[in-house]
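Not measured: the values here are computed from a predicted model. The first residue of the sequence shown is numbered 1, and numbering continues consecutively from there.
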Amino acid sequence: MQALLDTLVLAQYGATALSAAFNTWYFATYRTREGRRRVGAAVMAVVSLALAVESVAVGWLLYPRASDGFLWLTSGTLALAGSLLISTLIILRRRSGRP
């Protein structure tokens with residue numbers, strides 16, 4: 001049972017890191033139609049980068065030394081949900097033809 005829980009926690013933090021990295025790329029390269037950068041996009045890029053780094057650091061470096069995997073799984077759920085929601089909105093926006 002512990003091996004399954006370990007796998008789930010690492011997969012969760014890995015998915016969060018990948019999703020946040022995608023969001024960072026999108027917001028870091030975002031430009032308006034006039035070619036200008038937006039402050040909100042820069043802020044979202046920094047926040048997404050922080051979430052990606054945090055997910056790697058906590059999920060892959062600190063978790064192997066932890067004792068209660070269920071606590072780690074539940075605490076990372078909100079970060080994963082938020083990051084995936086932003087990624088979904090980006091993908092839907094891109095599919096609609098908007099930058």
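Note: the hydrophobic cluster containing L4 also contains V9 (ILVMFWY, side chain heavy atoms under 4.5 Å, direct or indirect links). Hydrophobic clustering (ILVMFWY, side-chain heavy atoms < 4.5 Å, transitive): F27 and W25 are in one cluster. In the hydrophobic clustering of this structure, V58 does not group with L18; members are Ile, Leu, Val, Met, Phe, Trp, Tyr whose side-chain heavy atoms approach within less than 4.5 Å, directly or through other members. By the rule that hydrophobic residues join a cluster once side-chain heavy atoms approach within less than 4.5 Å of another member, L10 and V56 end up as members of one cluster.
Residues that satisfy the side-chain hydrogen bond (donor to acceptor under 3.5 Å, both in side chains) test with S19, not counting sequence neighbours, are S83, S87.
With R94 as the fixed residue, the side chain to side chain contact (heavy atoms under 4.5 Å, CB included) test singles out one of I90, L92, I91: I90.
Within the structure, the side-chain hydrogen bond (donor to acceptor under 3.5 Å, both in side chains) test picks out the following pairs touching residues 8-18 (sequence neighbours left out): Q12-T77.
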Show the atom names and distances, to 0.1 Å, of all donor-acceptor pairs under 3.5 Å that link a side chain in residues 45-55 to residues at least two apart or in another chain.
| residue | atom | partner | partner atom | Å |
| --- | --- | --- | --- | --- |
| S48 | OG | M44 | O | 2.9 |
| S55 | OG | L51 | O | 2.9 |

